[in-house]
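Taking it in order: structure first as structure tokens, then the write-up.
For the single chain, residues carry numbers from 1 onward in sequence order.
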Amino acid sequence: MKHVIVGHVALDRIVTEEGTSHRLGGPPSYGCAISGALDHEIGVITRIGPDFPVKFVEKYQEWGINLEKWRCESLSTSFTLDYTRKPRWLGLENVCEAIILPEKHYDSVIFSPIAGELTSEQVCNVYAGYVALDPQGFIRERYGKGAVRLVPWEELCEVNLLKTSLEEHRYLTGESDPLRSLRYFSEKGVEASIITMGDEGALVCHNGDVFEVPVYPTMSVDSTGAGDSFLVAAHDKLASG
């Protein structure tokens with residue numbers, strides 16, 4: 001089964017105590033890296049601008065993805081992630097052109113918007129065998145000089161898999177208790193919903209049954225893209241049956 005991930009590729013400026021670096025980011029990037037590790041095929045629907053570096057296009061070519069067909073005139077989506085601030089500060093520097101989803105049937109599709117590049121109608125009306133959603137881009141709002149804050153979003157429709165962070169779930173349900181949020185998602189027709197909780201693991205609701213999944217012991221080096229990678233791995237397992 002071929003998975004398709006839909007969302008903007010991003011140019012990330014990462015600020016840490018060690019200094020500043022510029023990296024390839026966005027859910028499609030982490031999705032391709034994880035799918036390569038799982039040895040599963042993945043496709044990408046995105047947008048990149050004229051400023052998108054050749055070295056990153058070549059990296060996608062190594063993953064078997066041609067980004068050139070998604071190039072447009074608008075500058076690429078770019079973020080600043082500042083880990084010297086507690087909690088991490090997220091700044092949205094630029095937003096690329098919105099994504100137009102080709103009208104076709106998809107075996108399985110992962111919607112992972114990061115800056116409003118998709119609409120809820122695209123998620124609700126897609127023709128696909130299995131649909132996963134990370135709604136982070138729907139609950140982000142840019143304000144001031146590029147700062148990002150979370151805002152409520154009430155347009156959740158029936159999907160097979162929903163992934164939110166511990167911080168995000170209440171913006172979809174209005175509930176501070178993640179267990180009540182999971183029940184809300186189930187009532188909305190979500191087959192499997194996951195709330196990730198960082199070092200505390202994750203809460204999973206699958207067909208009405210709730211499970212607590214502990215974190216796998218490891219040494220964290222960089223948490224950028226962890227949620228995107230988590231979603232793609234979970235989607236791969238559930239969609240592939």
Side-chain angles (χ1 to χ4, degrees), residues 1-16 18-83 90-104 106-119 122-123 126 128 132-134 136-137 140 142 146 148 221-233 235-236 239:
M1 176 184 289
K2 181 175 182 178
H3 310 312
V4 176
I5 185 165
V6 186
H8 273 172
V9 174
L11 302 177
D12 289 342
R13 187 170 72 97
I14 310 295
V15 182
T16 67
E18 287 71 39
T20 300
S21 60
H22 297 269
R23 306 181 194 175
L24 173 62
S29 303
Y30 301 111
C32 286
I34 289 298
S35 292
L38 297 173
D39 197 27
H40 281 186
E41 188 178 7
I42 193 168
V44 166
I45 298 175
T46 189
R47 280 287 187 268
I48 61 171
D51 58 330
F52 200 77
V54 172
K55 64 179 181 180
F56 291 157
V57 173
E58 292 174 345
K59 183 61 181 177
Y60 267 87
Q61 289 174 342
E62 293 176 13
W63 288 325
I65 303 293
N66 175 20
L67 283 187
E68 289 299 334
K69 64 180 179 179
W70 304 117
R71 195 178 289 277
C72 64
E73 297 301 318
S74 175
L75 295 179
S76 304
T77 294
S78 57
F79 284 89
T80 292
L81 297 90
D82 189 346
Y83 289 94
L90 180 66
L92 178 56
E93 309 298 337
N94 190 72
V95 179
C96 197
E97 185 178 298
I99 291 174
I100 298 175
L101 193 67
E103 294 185 6
K104 56 179 288 188
Y106 301 89
D107 290 336
S108 70
V109 59
I110 304 169
F111 287 105
S112 195
I114 56 175
E117 67 271 31
L118 294 168
T119 66
Q122 288 172 304
V123 176
V126 68
L133 170 65
D134 183 337
Q136 58 184 328
R140 286 175 176 170
R142 188 183 187 188
V148 174
V221 177
D222 187 342
S223 62
T224 307
D228 300 321
S229 302
F230 185 103
L231 175 61
V232 171
H235 175 271
D236 182 80

Using 0.5 Å steps for rounding, measure from the CD1 atom of I48 to the OG atom of S74.
11.5 Å
For D82, give me all partners under salt bridge (Lys or Arg N to Asp or Glu O under 4.0 Å), at least two apart in sequence or on another chain.
R85
How long is the straight-line distance from CG of L118 back to CD1 of I100, given to the nearest 0.5 Å?
11.5 Å
Whether T46 side chain and V9 backbone form a donor-acceptor pair below 3.5 Å:
yes
Salt bridge (Lys or Arg N to Asp or Glu O under 4.0 Å) filter on E97, not counting sequence neighbours, yields R47
Side-chain heavy atoms of P27 within contact of Q136, under 4.5 Å:
yes
Check: W70 side chain, V44 main-chain N or O, donor-acceptor pair, under 3.5 Å:
yes
Salt bridge (Lys or Arg N to Asp or Glu O under 4.0 Å) against E62, all qualifying residues, sequence neighbours excluded:
K59
How many angstroms lie between CG in L11 and SG in C96, if you round to the nearest 0.5 Å?
9.5 Å
Where do R71 and E68 land on the salt bridge (charged side-chain N to carboxylate O under 4.0 Å, His left out) test, with the steps shown first?
CA-CA 5 Å; R71 195 178 289 277; E68 289 299 334; 2.9 Å; yes
Would you check if F52 and V57 make a side-chain contact, meaning some heavy-atom pair closer than 4.5 Å?
yes
What do the steps show when you test L24 against Y60 for side chain to side chain contact (heavy atoms under 4.5 Å, CB included), and what is the final call?
CA-CA 10 Å; L24 173 62; Y60 267 87; 3.9 Å; yes
Any residue meeting side chain to side chain contact (heavy atoms under 4.5 Å, CB included) with V4, in chain and number order, not counting sequence neighbours
V6, I45, Y106
Quick one: CZ on R13 to CG on L81, what's the gap to the nearest 0.5 Å?
9.5 Å
Here the pair of heavy atoms bringing G25 nearest to D12 is CA-OD2, 3.4 Å
Check whether any side-chain N or O of R140 sits under 3.5 Å from a backbone N or O of G116 as a donor-acceptor pair, and report yes or no.
no
Do S76 side-chain atoms and G49 backbone N/O form a donor-acceptor pair below 3.5 Å?
yes
How many angstroms lie between atom CD1 of I99 and atom CZ of F111, to the nearest 0.5 angstrom?
9.5 Å
Taking the side chain as everything from C-beta on, heavy atoms only, tell me whether D228 gets closer than 4.5 Å to I114.
no
Check: S78/N94 side-chain N/O donor and acceptor closer than 3.5 Å:
no
Does V95 have any side chain to side chain contact (heavy atoms under 4.5 Å, CB included) partners at least two apart in sequence or in another chain, and if so, which?
H8, T77, L92, A115
Nearest 0.5 Å, what's the CD1-OG distance between I65 and S35?
9.0 Å
Tightest non-hydrogen contact, residues H3 and A239, listed as CE1-CB, 4.0 Å
Sequence neighbours left out, what passes ring-ring contact (aromatic ring centres under 6.0 Å, His included) with F79? Give chain and number order.
none
